[in-house]
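First comes the structure, then the notes that go with it.
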Amino acid sequence: MDKPNISPEKSSDIQILMAADASAEAENLAPLLSRDIKVATLDPKGTSIEVAQQLTQGVSAILLLVSAKSGISKGMIELWNYAMERQFPRLVIVNKLSMSETDFDDIALIVNRVLEQGLTPYLVLHDEVGEPTGLISLESKEVHDYSAAITNRYMADSELQSLIEEFASEYEDQLSAFESDSFSQGLLVPILPVMESKLIGVSEIKEYLAQIK
């Protein structure tokens with residue numbers, strides 16, 4: 001098995017690991033989120049215990065970046081299981097949503113099946129041709145509109161709120177089982193979408209990273 005390709009550390013206090021298969025191009029997303037992220041390109045065929053130990057040494061949280069176009073590999077599953085057993089704070093990020101046959105909801109279902117049960121705080125909003133334009137918060141019902149150069153946030157209209165009502169109710173039921181610090185304690189796993197070219201999801205991911213001690 002090949003050794004993982006780890007990007008050079010840019011900070012003396014690296015605390016966050018972003019792991020992904022090469023197709024997810026994690027090196028493009030990491031600088032948008034934090035200087036304290038190291039990127040590891042995983043071998044899709046598998047991640048040994050020794051490699052997992054090497055990757056997570058000194059790390060405070062694990063970000064697993066999943067391409068909607070290539071999905072979840074054996075190497076990603078094995079690293080995730082290692083992190084889950086040791087209760088690292090864990091977050092799944094889904095990218096490559098543009099022009100993909102597999103959407104964010106599909107990947108979230110796969111995450112729940114092959115990794116562990118996660119929560120989706122946001123749903124992706126699309127334009128008339130199916131391209132992502134923003135997010136809607138299932139907790140606040142607030143739209144995060146990224147369709148223009150400046151992000152606009154506003155309450156969803158009654159029609160949109162009605163469309164997401166079932167998803168929001170399910171999310172609230174799931175969230176009620178957790179405490180406010182459950183993510184930082186490695187108990188709650190958010191699944192978040194991102195689109196680097198429009199910065200969709202970047203600030204939302206940063207809000208979770210800010211919870212890591």
Side-chain angles (χ1 to χ4, degrees), residues 1-10 14 16-52 54-56 59 61-84 88-116 118 120 122-124 126-127 129-135 146 189-206 208-209:
M1 185 182 300
D2 294 336
K3 291 185 178 180
N5 177 22
I6 306 176
S7 64
E9 297 185 359
K10 298 180 181 180
I14 295 292
I16 302 168
L17 171 70
M18 178 179 287
D21 290 347
S23 60
E25 299 180 313
E27 65 277 4
N28 295 333
L29 175 60
L32 300 176
L33 299 176
S34 172
R35 356 179 1 191
D36 293 332
I37 290 179
K38 67 177 180 181
V39 171
T41 302
L42 301 177
D43 181 346
K45 297 178 181 178
T47 301
S48 67
I49 293 292
E50 292 75 20
V51 168
Q54 175 193 354
L55 292 177
T56 58
V59 164
I62 310 290
L63 312 182
L64 189 69
L65 182 61
V66 179
S67 165
K69 295 180 179 178
S70 58
I72 300 175
S73 69
K74 181 182 178 183
M76 298 164 75
I77 293 171
E78 290 177 347
L79 177 64
W80 188 269
N81 289 340
Y82 179 91
M84 178 173 60
F88 281 91
R90 305 174 303 287
L91 193 154
V92 178
I93 303 171
V94 183
N95 74 345
K96 304 296 181 181
L97 294 166
S98 178
M99 308 302 292
S100 174
E101 294 182 0
T102 306
D103 63 17
F104 173 69
D105 296 337
D106 294 331
I107 295 295
L109 289 173
I110 295 171
V111 168
N112 291 335
R113 187 172 72 247
V114 304
L115 297 180
E116 65 177 303
T120 52
Y122 300 93
L123 297 182
V124 180
H126 302 84
D127 61 18
V129 297
E131 284 295 278
T133 58
L135 307 174
Y146 289 86
V189 176
I191 310 171
L192 298 175
V194 71
M195 188 172 182
E196 294 90 335
S197 61
K198 296 182 179 179
L199 299 182
I200 295 174
V202 170
S203 63
E204 290 80 5
I205 294 168
K206 285 182 175 181
Y208 279 96
L209 298 185

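No experiment lies behind these values; they were computed from the predicted model shown. Counting begins at 1 with the first residue of the sequence.
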Results of side-chain contact (heavy atoms from CB on, under 4.5 Å) for S73 - residues two or more places apart only
D21, P44, M76
Interatomic distance, T47 atom OG1 to Q54 atom CD [nearest 0.5 angstrom]
11.0 Å
Would you check if E27 and M18 make a side-chain contact, meaning some heavy-atom pair closer than 4.5 Å?
no
Contact between S197 and M195 at the side-chain level, heavy atoms closer than 4.5 Å - yes or no?
yes
Heavy-atom side-chain proximity of L63 to L209 below 4.5 angstrom:
yes
Check N112 against G118 and note the closest heavy-atom contact, atom names and distance.
OD1-N, 2.8 Å
Between atom CG of L135 and atom CZ of F104, what is the distance when rounded to the nearest 0.5 Å?
8.5 Å
So which heavy atom on A108 is nearest to which on T120, and how close?
CB-CG2, 3.8 Å
Inter- and intrachain pairs under salt bridge (Lys or Arg N to Asp or Glu O under 4.0 Å), touching residues 102-113, at least two apart:
none
Which residues satisfy the salt bridge (charged side-chain N to carboxylate O under 4.0 Å, His left out) test with E116, sequence neighbours excluded?
R90
Show the numbers, then the answer: is there a salt bridge (charged side-chain N to carboxylate O under 4.0 Å, His left out) between K69 and E101?
CA-CA 7 Å; K69 295 180 179 178; E101 294 182 0; over 6 Å; no
Identify the residue among V92, L55, L17 that makes a side-chain contact (heavy atoms from CB on, under 4.5 Å) with I62.
L17
Residues that A68 engages under side-chain contact (heavy atoms from CB on, under 4.5 Å), provided they are two or more places apart:
V94, L97, S100, I107
Side-chain contact test, heavy atoms from C-beta onward, threshold under 4.5 Å: evaluate it for K38 versus V59 and give yes or no.
yes
side-chain contact (heavy atoms from CB on, under 4.5 Å) assessment of V189 paired with L91
CA-CA 6 Å; V189 176; L91 193 154; over 6 Å; no
Flag side-chain contact, heavy atom, 4.5 Å: V194 against I200
no
When rounded to the nearest 0.5 angstrom, what distance separates CG in L29 from CD1 in I37?
7.0 Å
Side-chain contact, heavy-atom cut-off 4.5 Å: V51 with Y82?
no
Does the side chain of L115 reach to within under 4.5 Å of the side chain of L64, using non-hydrogen atoms?
yes
Rounded at 0.5 Å granularity, tell me how far CG in L79 sits from CE in M84.
11.0 Å
Kindly compute the distance separating CG (L42) from CD1 (I77), expressed to the nearest 0.5 Å.
11.5 Å
Cut-off 3.5 Å, side chains only: do Y146 and S203 have a donor facing an acceptor?
yes
For P132 and V124, work out which heavy atoms get closest and say how close.
CB-CG1, 3.8 Å
Do E131 side-chain atoms and S98 backbone N/O form a donor-acceptor pair below 3.5 Å?
no
Within the side chain of N95, is there an N or O that forms a donor-acceptor pair under 3.5 Å with the backbone of A24?
yes
To the nearest 0.5 Å, what is the distance between CD on E78 and OG on S48?
8.5 Å
Selection residues 192-205 - residue pairs positive for salt bridge (Lys or Arg N to Asp or Glu O under 4.0 Å), sequence neighbours left out:
R153-E204
So I93 and V66, do their side chains get closer than 4.5 Å, heavy atoms only?
no
What pairs with A61 under side-chain contact (heavy atoms from CB on, under 4.5 Å), at least two apart in sequence or on another chain?
P89, I212
